[in-house]
Amino acid sequence: MKTYARHPIAFVRGKGCYLWDAEGKKYLDFLAGIAVNGLGHSHPVITAAVAEQAAKLIHTSNLFYNSSQAELAALLCKHSFADKVFFCNSGAEANEAAVKLARIYQKGKKGPDCFEILTMEKSFHGRTLGMIAATGQDKVKKGFEPMPEGFRHLPYNNLPALAAAMSDQTCAVLLEPVQGEGGVNYPGSGYLQGVRELCRKHGALLIYDEVQCGMGRTGKLFAYEHSGVAPDIMTLAKSLGAGLPIGACLATDEIAAAFQPGSHASTFGGNFLVCEAAKAFLKVLLEGGTLSHVVKNGAYLVEQLRGLQKKHLFVKEVRGSGLMVGVELEILAKPLVERALEEGLIINAPQEKVLRLVPPLIVGYKEIDQAIDILDDVFGEVSGRGPA
Ligand code: PLP
């Protein structure tokens, strides 16, 4: 079905930060499967984990215990606020689980009318019917009305608006600590602390969607660690499986206990294969110095982009922490994405005037310099400013 506006390119092979198309042309991948391939392509640790597990056992069902799932859950809990994990297959599903968990918990605690979830304008939470209702962008809802009830959108980074919207009937606040699809928007200082305080005051749950910004992307394992404000529930997907499809909904013991056998389920959720890939990825992230590499190389990428900003005046702002970087423009981004692609650099535009760079977390200075050279040329065609 025509659900995607695809580029006329088919990739056949990948290694590290590079991809090759069917004609043999080489591309530098600064999109990484849309913030998925944390260790790039064909990383030997992931390849070995998947191959070994595939030869042993891929799937049973969630009617039986699964040691790979238990070990992955233990690792995620050890390194986060959470005590329990539910596994599914995607970001949208992880958010569905989070919303269902928040609702069933609050119904037990505060009664049947406590179901409203407040989410943010420009947010993105997935494409299921529930998650297009949760998403604060009209374009994803258009044509699919009526929307499921119980979601209201508020401006991001705006505590007075949130304070005015909250009541003791608010079930939860759901937000991305860093908005991805909305244009790579970072929280202002004190924002998450303020949201937490309002949730505490009204007995509402705080849910973080870290599907895009989690798993090392911003230089910490989870983006919320920058603020020190932990949520009650958090969702992960995208890079969690280093390219394999897995999602997760994490929660504290008290909240997780609201789910009982029969409350929620997923046939494939957390099968052996995807859990072994995620375990292998997490171990590299935690043990291999990858996070400090992300901080250092992310700062270098942002610095280089700010250099381009000085030269090409249509570049309005460069936003980034770690390797989650947005470049806001005064012109449309799409033609630049197309030109960069022709020159062998893969990036994308999550909003009309924003470029997004989310390279593999293993990206080095050499690849960053190469990407900057291509962007300088492409920007120069528009700004009329050639090499300095
Ligand atoms: N949440 C966030 C923050 C996302 O960026 C995305 C996808 O871009 C999703 C949820 C949906 O994830 P999926 O496409 O795996 O359902």
Side-chain angles (χ1 to χ4, degrees), residues 1 3-6 31-38 86-102 117-137 139-141 144 151 153 156-157 172-187 192 206-218 222-224 226 231 233-250 266 268-271 274 277-278 281 319-326 346-351 354-358:
M1 298 190 192
T3 55
Y4 307 100
R6 299 182 197 264
L31 187 58
I34 319 185
V36 166
N37 306 98
F86 170 80
F87 289 107
C88 50
N89 315 286
S90 68
E93 281 180 53
N95 287 330
E96 290 281 352
V99 166
K100 283 179 71 177
L101 180 60
I117 313 268
L118 301 178
T119 73
M120 300 302 142
E121 290 168 7
K122 290 193 171 176
S123 60
F124 185 79
H125 300 296
R127 295 288 193 153
T128 58
L129 206 48
M131 286 310 114
I132 60 173
T135 290
Q137 301 191 59
K139 66 181 181 191
V140 305
K141 305 177 202 263
F144 299 113
F151 297 95
H153 313 310
Y156 181 65
N157 260 332
V173 174
L174 163 63
L175 59 82
E176 296 154 83
V178 183
Q179 290 188 332
E181 299 308 302
V184 191
N185 304 315
Y186 279 83
L192 295 177
L206 178 54
I207 308 173
Y208 286 157
D209 176 344
E210 292 226 11
V211 165
Q212 186 161 155
C213 62
M215 302 307 295
R217 178 58 50 198
T218 66
F222 304 114
Y224 78 79
H226 293 283
I233 301 174
M234 177 172 76
T235 57
L236 301 172
K238 283 201 182 272
S239 72
L240 176 59
L244 274 85
I246 176 171
C249 172
L250 288 72
S266 166
F268 290 121
N271 79 19
V274 294
F281 174 44
R319 302 186 278 268
S321 165
L323 289 163
M324 184 162 181
V325 180
I346 307 169
I347 52 173
N348 87 333
Q351 294 286 314
V354 182
L355 297 172
R356 170 173 49 188
L357 288 80
V358 281

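For ligands, and for the atoms within them, numbers begin at 1 and follow the listed sequence.
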For Asn95, the atoms of ligand 1 under 4.0 Å from one of its heavy atoms are 1 (N), 10 (C)

With only distance considered, is Ala92 within less than 3.5 Å of ligand 1 through an N or O on each side? yes

Can an N or O of His125 be found at a distance shorter than 3.5 Å from an N or O of ligand 1? no

min-distance protein heavy atom vs atom 2 (C) of ligand 1 -> Phe124 O, 3.3 Å

*Would you say atom 15 (O) of ligand 1 touches the protein, meaning some protein heavy atom is under 4.0 Å from it?*
yes

In short, Met324 meets Tyr186 closest at the heavy-atom pair O-OH, 2.7 Å

Ligand 1 to Val211 polar contact by distance, N or O atoms, under 3.5 Å
no

The residue among Arg356, Lys122, His125 that forms side chain to side chain donor-acceptor pair (under 3.5 Å) with Glu181 is Arg356

Quick look: Glu93 vs ligand 1, heavy-atom contacts under 4.0 Å, and the answer is neither

Closest to atom 13 (P) of ligand 1 by heavy-atom distance, out of Gly91, Gly214, Gly247, is Gly91

Contact check: Glu176 vs ligand 1, nitrogen or oxygen atoms, below 3.5 angstrom | no

shortest atom 5 (O) of ligand 1-to-protein heavy-atom contact is with Gln212 NE2, 2.8 Å

Going by the 4.0 angstrom heavy-atom rule, the piece of Ile34 near ligand 1 is neither

Between Pro187 and Pro177, the two heavy atoms sitting closest are CD-O, 2.9 Å

Taking only non-hydrogen atoms of Ser90 and a 4.0 Å limit, the atoms of ligand 1 in range are 15 (O), 16 (O)

* With a 4.5 Å limit on heavy-atom distance, are the side chains of Phe86 and Leu101 in contact? -> no

Can Thr119 and His153 be counted as having a side-chain donor-acceptor contact under 3.5 angstrom? yes

Report yes if some heavy atom in the side chain of Val173 is under 4.5 Å from a heavy atom in the side chain of Met120; otherwise report no. yes

Open item on the list: Are Gln212 and Phe124 packed together at the side-chain level, in the sense that at least one heavy-atom pair is separated by less than 4.5 angstrom?
Closed with: no

*asked:* In this structure, does ligand 1 have an atom that sits under 4.0 Å from one of the heavy atoms of Lys238?
replied: yes

Main-chain N/O of Thr218 paired with Ser321 side-chain donor or acceptor, under 3.5 Å: yes

If you scan protein heavy atoms around atom 1 (N) of ligand 1, the nearest is Asp209 OD2, 2.7 Å

On a heavy-atom basis, the closest approach of Thr235 and Ala94 is CG2-O, 3.2 Å

